[in-house]
Structures are given as C-alpha cells and as structure tokens.
Engineer: 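Mind looking over this structure? Questions follow.
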Amino acid sequence: MAMVRVRFAPSPTGTLHVGSARTALFNWLFAKHQDGTFILRIEDTDQKRSDKIFLKDITSSLTFLGIQADEGPYFQSERLAVYQEQVQRLLDSGKAVKEAGAVVFPVPAEEVTFHDLLHGDITVDTTLFERLVLMKSDGLPTYNFACVVDDALMQISHVIRGDDHIANTPKQVVLYRALGFSIPAFAHIPLIVGADRARLSKRQGATAVAEYRQVGYLSDAFVNYLALLGWSPGGNRELVSREELIQAFDLSRVRKTAAQFDQQKLDWLNSQHLKRTSVERLAELFAERLIAKGWLSNDYDRDWLKRITQLLHDRMRVLSDLEEENAFFFQDIPAYEPEAVANFLSGEPIVQQLIELRSRLGLLDSFDTTAVESVVRGLVAEKSLTAKALIHPIRVALTGRSVSPPLFEVMSILGKDRVLRRLEHATQLTAHR
RNA sequence: GUCCCCAUCGUCUAGUGGCAGGACAACAGCCUUUCGAGCUGACAACGCGGGUUCGAUUCCCGCUGGGGACACCA
C-alpha cells in the first residue's frame, strides 16, 4: 500500500484560526490513522503580509493541540530555487511565457475534471481563468504554482483542505499536467461557519486557537470538539479521546455541509473532559494560571490548592472559571458584588448573626468542614432560622458573591483567620448600610 | 453577475428504498445551602415541486435557500 503523506500548509499572515486548526486536525488524524506522514509547510510567499509573530502563534497553537509534524516545517521562502527550476521547464517548453516582469501560464481552453474523495467528480471549464500567474514580479511564486510544485515534490498523497479551495483545484490540476506530475487525491472538507452561517469571523467571538487556550479549554476537549465538526465516529459517541479519534477517523464519514461553531457544546465537552482530568493534573494547570497571574507564589501550598481543585473539579466549564468565579480564594478581602450585598447582607439581625457566628467560629480548634458546618447549623437551630437564611449571608460575606462552591468546604479551605477577618469586614459593610 | 459546492430538530450529528436515533442548548420538574453541578421528563427535523417505485428523508431532475470562489493574497 502506498504511503500516506499529507500536509498542513498555513500562511503566516494571521493567527491560527479555528477553521485552519480543524483542517490541520483532519489531516493529522488521517495520517495517524494509517501510520502516514504529516508534513508542515509554511506558505510565506506573501512578503508583505507574512510575519514571524504569526508563525510563532501557529506553531504554538499546533503544539497546544498536540498536532506535531513528522516532517518540516518547510518554508516556501527558502525554496525559490525549486520554483525557478520548475518554471524554467515550462518556459523552455513554451507552456509559460514572460509578461511584464512575471511569468504567466496561458491556460488552454478545456474541461478539467478531477476527483474529490468527498464530492466525487468535479468538472470546470478552464476558460473561466484563461491565464495563471506563476511567478510574481517580485520574483516569488504565486500560491497555486508553489502549492503544486511542493505537493508534487514532497510526494503528497492526499490534499485535504477547506472546500473554499475547490475553485483552485482545477487551476492546480492544469499545472500538474503541464509539469508532468502525478495528481494527488483531493478531499475538500466543509468550512466552519459562525452563528450567521457566514465564514467564522471575529465579530462572533474568538477565532484564534490561542484565545481558546487562554480561556482555558483543554487540548483534548478542543480537539474532540473540532473533530465533531463535520465528522462523527458513529455509534452515538461524542466524548472521544485523542487515541479513539485516531482509531476511528475516516474521510468517508466526513460530512459535506458547513458546520456551525457552537461554543455551548464546546463548553459542555470541556466540562466533561475536565471531570475526567485527575485532580493532580488539574491542580498543576491551576497553578500555572495562578502563578502567571501573580496570585500564587512558586512555593505555594500544594495541599491547599489541591483542596480547591477537588472542590471545583466537577463544576467548571473552562479553566478561567477559576479566576473569574473563584478569585475570592486568592484574595485577602474579596470584591463584593453590590447586588449580592444588597440582597443578603442588609438588616440588623444579619449583623448580629454574623457577629455571633464569628465569635463561635473563633473558639474552634479544628476548622475542618464538619466542624464549621456544625457551628453554622447549631446557630441556625438556636435562632430558629432556616439554613438558607444564614447560609446565603455567610456566602456573600466570605466570597462577595451569591454563587459559590459548597459553603462549608469554602470556609474550611479559607481557614479560620481569613473567615474571621472577612466576617468582621462584612459586618462593618452591613452596619454602614 | 459567472462558475462551483451544499441541504435531517435552534445547533452538532446518526441513519435507511419500509416507525427518523443520539448529543448540546432552551423548557419543565426533582434534589440541594447558592450555582454554571447532578438526576428526570417533555418539546423539537428529513426546504419545495416533479419523477422512478407497491413504497422516497434516502435514487434522478428542477426550484428555492445558504455558502464559497472569481488577485502578480494564500
């Protein structure tokens, strides 16, 4: 069986886009599935728009996704001699001509048919594009020419790319033939679109893989989601590991319809992957983020962070929920949401209850969850309150918010000193209202 | 405008010439100290018109709708 060789060929003129990432993923899965070779090729022939900063973004995003190249990266800007040699062949045979500082290829009028693994045969009339520029007047090759030369010389067996390239393919086929190269198999996969069904754009949220990474999507979850956009493993499977994806991937199961990017489903998948991540691993991810943010020092208390991790493990959607929703763990005095304070921390009875609670908690030797819970419940019983009537105010007093992880755990993790300090702060806050 | 591609719940999808399945979301209920957590439930789709066929969501044609491409960008 012929060796499978595929490539992902981004141009460094922007950050790695979700759509490109999905194309890279399909290529990679296809290669891995049949033990083939995945090649990275950087198409940097647009001198004006290419930038090293984008190259960096692309490679780090691919690394994040766990998509590593078996070969490359090759840079088209370093292969000028190759293109010149090929273009010379066309000039020598009279198939290409020089014109105003560029080399162009007059396309003979004909019907070109190529086979697509998803779409079947596609036929196009070449009079639609009568001539193709091969070498620009700046001496660099055009996309269609460089792409054909590279795919042929790199012995790419399958060209898997977005279906926005369907219109380029007949142009490339014409060039393959003129150069006497054999034509690879093509598979044009559907685009990923935004909520408005048009091409995914920044207007409807993040488009760069790096942004999703920053927000805190797990590599495996993001890959899982991307794989499900336009493909499915069958058998009603949705939550799929990287290994299972490789095992199951098959171009024949790729759909032909553009898929809409749905962040809610991505969130759900991420929460599922988060639940399947070990507490130890999750704590490491937490520490990285917190240290980067300056909320945690390098010699942090590992057991303490692990307790927080355990608590949040099953109830978060993205890693940034840690900083967004649970900042109170890492602050001296939390930020108080005005609405939460207004709803739960007003009135003299509450002040008295919090003062009473504070003095009772002050007597505790052990501040474990059951100890603090029994103090709170004891007070509830004595004052003939409902649990809610006391728990909600305590929550706001300690976290500044009306929503938090289970309160008694939170109290125990915060520890006696901070709980007492915050209760005092909150009673003053309340008394002043 | 021209050419090309596409068409199953709101969204991602499964599926078959013979009862259209799953997931997310939204909704309802339950549980609960709150919740973005958990559990349960109900709702929800084959774009339209012709053919072929005993029978079409499935095959064919047309229409409509959507998208993409029409650069010395990639």
Side-chain angles (χ1 to χ4, degrees), chain A residues 9-14 20 43-50 76 99-104 116 118-120 122-125 127-129 131-147 161-171 188 190-193 195-199 225 228-239 253 255-269 271-272 275 312-318 321 324-325 340 344 373 376-377 380 386-396 399 401-408 410:
Chain A
S11 64
T13 54
S20 312
E43 308 213 323
D44 53 352
T45 56
D46 184 334
Q47 291 178 304
K48 285 189 284 284
R49 296 197 301 145
S50 295
Q76 290 190 327
E99 180 186 293
V103 180
V104 305
D116 183 286
L118 302 186
H119 300 278
I122 297 177
T123 302
V124 178
D125 186 342
T127 56
L128 286 166
F129 39 83
R131 51 157 240 166
L132 299 173
V133 174
L134 305 184
M135 297 293 272
K136 300 179 282 188
S137 48
D138 65 3
L140 294 168
T142 56
Y143 163 71
N144 277 315
F145 182 60
C147 185
R161 65 196 358 171
D163 67 18
D164 51 335
H165 280 288
I166 287 181
N168 281 321
T169 306
K171 300 176 185 175
H188 290 93
L191 263 21
I192 295 176
V193 298
D196 61 358
R197 281 261 145 221
R199 185 176 232 151
Y225 180 67
L228 257 29
L229 243 31
W231 177 82
S232 72
N236 285 338
R237 282 187 293 165
E238 302 256 322
L239 191 63
R253 293 189 67 88
R255 286 177 57 82
K256 289 183 281 189
T257 325
Q260 198 170 306
F261 192 86
D262 178 10
Q263 186 162 337
Q264 288 183 311
K265 185 143 187 181
L266 169 61
D267 283 351
W268 174 78
L269 260 181
S271 71
Q272 295 302 314
K275 281 174 193 174
L312 301 184
H313 187 250
D314 286 345
R315 42 191 307 121
M316 58 192 319
R317 308 177 81 75
V318 289
D321 284 350
E324 305 284 330
E325 319 291 334
F344 297 105
E373 176 162 6
V376 172
R377 294 214 186 270
V380 164
T386 61
K388 291 180 187 183
L390 190 56
I391 285 174
H392 290 323
I394 298 174
R395 184 191 313 285
V396 177
T399 69
R401 308 166 57 90
S402 53
V403 173
S404 82
L407 184 67
F408 304 124
V410 168

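Naming: A, B, ... by sequence-line order, numbering from 1 per chain.
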Engineer: How long is the line joining CZ of A/R377 and C1' of B/rU33, in whole Å?
Structural biologist: 7 Å

Engineer: How close or far is atom P of B/rC24 from atom CD of A/Q272, stated in whole angstroms?
Structural biologist: 8 Å

Engineer: Among B/rU34, B/rA25, B/rC72, find the nucleotide with the atom closest to the side chain of A/W268.
Structural biologist: B/rA25

Engineer: Check whether any side-chain N or O of A/K256 sits under 4.0 Å from OP1 or OP2 of B/rC6, and answer yes or no.
Structural biologist: yes

Engineer: Any side-chain heavy-atom pair from A/K265 and A/Y225 closer than 4.5 angstrom?
Structural biologist: yes

Engineer: Could you work out which one of B/rA74, B/rC6, B/rU34 sits closest to the side chain of A/P406?
Structural biologist: B/rU34

Engineer: Ignoring backbone atoms, test whether A/R131 places a side-chain nitrogen or oxygen under 4.0 Å from the OP1 or OP2 oxygen of B/rC70.
Structural biologist: no

Engineer: Both distances below 3.5 Å, Watson-Crick or wobble geometry, any strand: find the nucleotide opposite B/rC24.
Structural biologist: B/rG10

Engineer: Looking at A/K388, I want to see if its NZ is surrounded by more than 12 non-hydrogen atoms of other residues, nucleotides or ligands under 6.0 Å.
Structural biologist: no

Engineer: Compare the minimum distances between each of B/rC72, B/rC4, B/rA74 and the side chain of A/I166, then state the nucleotide with the smallest one.
Structural biologist: B/rC4

Engineer: What distance, rounded to whole Å, do you find between the two C1' atoms, one in B/rA20 and one in B/rU58?
Structural biologist: 11 Å

Engineer: Mind checking who B/rG47 pairs with, Watson-Crick or G-U wobble, both distances under 3.5 Å?
Structural biologist: B/rC63

Engineer: With rounding to the closest Å, how many angstrom separate the C1' atoms on B/rG21 and B/rU57?
Structural biologist: 14 Å

Engineer: Would A/R199 and A/D164 count as a salt bridge (charged side-chain N to carboxylate O under 4.0 Å, His left out) if you check the C-alpha gap in whole Å, the side-chain angles of each, and the deciding distance to 0.1 Å?
Structural biologist: CA-CA 10 Å; A/R199 185 176 232 151; A/D164 51 335; 2.8 Å; yes

Engineer: At under 4.0 Å between heavy atoms, what does A/N168 touch on the DNA or RNA strands: base, sugar-phosphate, or nothing?
Structural biologist: base

Engineer: Does A/A195 reach a base, just sugar-phosphate, or nothing at all? Heavy atoms under 4.0 Å.
Structural biologist: nothing

Engineer: What integer distance in Å separates A/L134:CG from B/rA71:P?
Structural biologist: 16 Å

Engineer: Can you tell me how far C1' of B/rU34 sits from CG of A/L390, to the nearest Å?
Structural biologist: 14 Å

Engineer: Does the side chain of A/T45 get closer than 4.0 angstrom to OP1 or OP2 of B/rA74 through an N or O atom?
Structural biologist: yes

Engineer: What does A/K275 touch in the nucleic acid at a heavy-atom separation under 4.0 angstrom: a base, only the sugar-phosphate, or nothing?
Structural biologist: sugar-phosphate

Engineer: Provide the distance between the two P atoms, one in B/rC9 and one in B/rA45, to the nearest whole Å.
Structural biologist: 9 Å

Engineer: Could you tell me the separation between the CZ atom of A/R199 and the C1' atom of B/rG67, rounded to a whole number of Å?
Structural biologist: 10 Å

Engineer: Remember a base hit wins even if backbone is also touched, and classify A/A259 as base, sugar-phosphate or nothing at under 4.0 Å, heavy atoms.
Structural biologist: sugar-phosphate

Engineer: Applying a 4.0 Å non-hydrogen cut-off, can you work out what A/H165 is touching in the nucleic acid: base, sugar-phosphate, or nothing?
Structural biologist: base

Engineer: From C-beta outward on A/N236, which listed nucleotide comes closest to its side chain: B/rA69, B/rU13, B/rG21?
Structural biologist: B/rG21

Engineer: Report yes if the side chains of A/Q47 and A/D138 come closer than 4.5 Å at any heavy-atom pair, otherwise no.
Structural biologist: yes

Engineer: Searching all strands shown, indicate the nucleotide that pairs with B/rU32 (Watson-Crick or G-U wobble; both distances under 3.5 Å).
Structural biologist: none

Engineer: Quick one: does any side-chain atom of A/Y143 pair with a main-chain N or O of A/N168 as donor and acceptor, under 3.5 Å?
Structural biologist: no

Engineer: Does some side-chain heavy atom of A/K256 sit less than 4.5 Å from a side-chain heavy atom of A/P190?
Structural biologist: no

Engineer: If you only use heavy atoms from C-beta on, which nucleotide in B/rC12, B/rC6, B/rC35 is closest to the side chain of A/K265?
Structural biologist: B/rC12

Engineer: A/G234 or A/M316: which one's nearest nucleotide on RNA chain B is closer to the 5' end?
Structural biologist: A/G234

Engineer: For a quick check of understanding: with a heavy-atom distance under 4.0 Å over all strands, which category does A/F408 fall into, base, sugar-phosphate or nothing?
Structural biologist: base

Engineer: Answer with base, sugar-phosphate or nothing: what part of the nucleic acid does A/P190 contact at a heavy-atom distance below 4.0 Å?
Structural biologist: nothing

Engineer: Please give the distance between the C1' atoms of B/rG55 and B/rG18 as a whole number of Å.
Structural biologist: 7 Å

Engineer: Taking the P atom in each of B/rU8 and B/rC30, what is the distance between them to the nearest angstrom?
Structural biologist: 37 Å

Engineer: Starting at CG of A/D116 and ending at C1' of B/rC5, how long is that distance when rounded to a whole Å?
Structural biologist: 10 Å

Engineer: So A/T386, base contact, sugar-phosphate only, or nothing? Heavy-atom distance under 4.0 Å.
Structural biologist: nothing

Engineer: Counting only Watson-Crick or G-U wobble pairs whose two distances fall under 3.5 Å, which nucleotide matches B/rU53?
Structural biologist: none

Engineer: Looking across every strand, which nucleic acid part, if any, lies under 4.0 Å from A/Q260 by heavy atom: base, sugar-phosphate, or nothing?
Structural biologist: sugar-phosphate

Engineer: Over all strands shown, is A/T257 touching base, sugar-phosphate only, or nothing at heavy-atom distances under 4.0 angstrom?
Structural biologist: sugar-phosphate

Engineer: Write down the distance between CG (A/D196) and P (B/rU11), rounded to a whole number of angstrom.
Structural biologist: 13 Å

Engineer: Can you tell which of B/rC24, B/rU34, B/rA14 lies closest to the side chain of A/H392?
Structural biologist: B/rU34

Engineer: Would you mind telling me which of B/rA37, B/rA74, B/rC72 lies closest to the side-chain atoms of A/V133?
Structural biologist: B/rC72

Engineer: Just N and O in the side chain of A/R237: are any of them under 4.0 Å from OP1 or OP2 of B/rA14?
Structural biologist: no

Engineer: Identify whether any heavy atom of A/S404 sits under 4.0 Å from a base atom; if not, whether one sits that close to sugar-phosphate; answer base, sugar-phosphate or nothing.
Structural biologist: base

Engineer: Between P on B/rU34 and CG on A/L407, what's the gap in Å once rounded to a whole number?
Structural biologist: 11 Å

Engineer: With nearest nucleotide decided by heavy atoms, which residue, A/H119 or A/D321, maps closer to the 5′ end of RNA chain B?
Structural biologist: A/H119

Engineer: Using atom C1' of each nucleotide, how far apart are B/rC61 and B/rC73 to the nearest Å?
Structural biologist: 39 Å

Engineer: Less than 4.0 angstrom between a side-chain N/O of A/R197 and OP1 or OP2 of B/rC6, yes or no?
Structural biologist: no

Engineer: Quick one: label A/P10 by what it contacts on the DNA or RNA (base, sugar-phosphate, nothing), any heavy atom closer than 4.0 Å.
Structural biologist: nothing

Engineer: For B/rG17, which nucleotide is its Watson-Crick or G-U wobble mate, given both distances must be under 3.5 Å?
Structural biologist: none

Engineer: For the P atoms, the ones on B/rA14 and on B/rA7, what distance do you get once it is rounded to whole angstrom?
Structural biologist: 11 Å

Engineer: Under 4.0 Å between a side-chain N/O of A/K136 and OP1 or OP2 of B/rC73, yes or no?
Structural biologist: yes

Engineer: Name the closest nucleotide to the A/D262 side chain, picking from B/rC72, B/rU33, B/rU11.
Structural biologist: B/rU11

Engineer: Can you find an N or O donor on one side and an acceptor on the other, under 3.5 Å apart, linking the side chain of A/S137 with the base of B/rC72?
Structural biologist: yes

Engineer: Expressed in whole Å, how much space separates the P atoms belonging to B/rG62 and B/rC5?
Structural biologist: 12 Å

Engineer: Under a 3.5 Å cutoff, is there a donor and acceptor pairing between the side chains of A/T399 and A/R401?
Structural biologist: no

Engineer: Taking C-beta and beyond as the side chain, do A/I394 and A/V376 meet within less than 4.5 Å on heavy atoms?
Structural biologist: yes

Engineer: Strictly by Watson-Crick or wobble contacts shorter than 3.5 Å, is anything paired with B/rA69, and which nucleotide is it?
Structural biologist: B/rU2

Engineer: Within the 4.5 Å heavy-atom criterion, are A/S402 and A/H392 side-chain neighbours or not?
Structural biologist: no

Engineer: Considering just the side-chain nitrogens and oxygens of A/R317, establish if one lies under 4.0 Å of OP1 or OP2 belonging to B/rA37.
Structural biologist: yes

Engineer: Once you measure the plane-to-plane angle for A/H119 and A/H188, does it fall in the parallel (<30°), tilted (30-60°) or perpendicular (>60°) bin?
Structural biologist: tilted

Engineer: Within the structure shown, what part of the strands sits under 4.0 Å from A/R253 by heavy-atom distance: base, sugar-phosphate, or nothing?
Structural biologist: sugar-phosphate

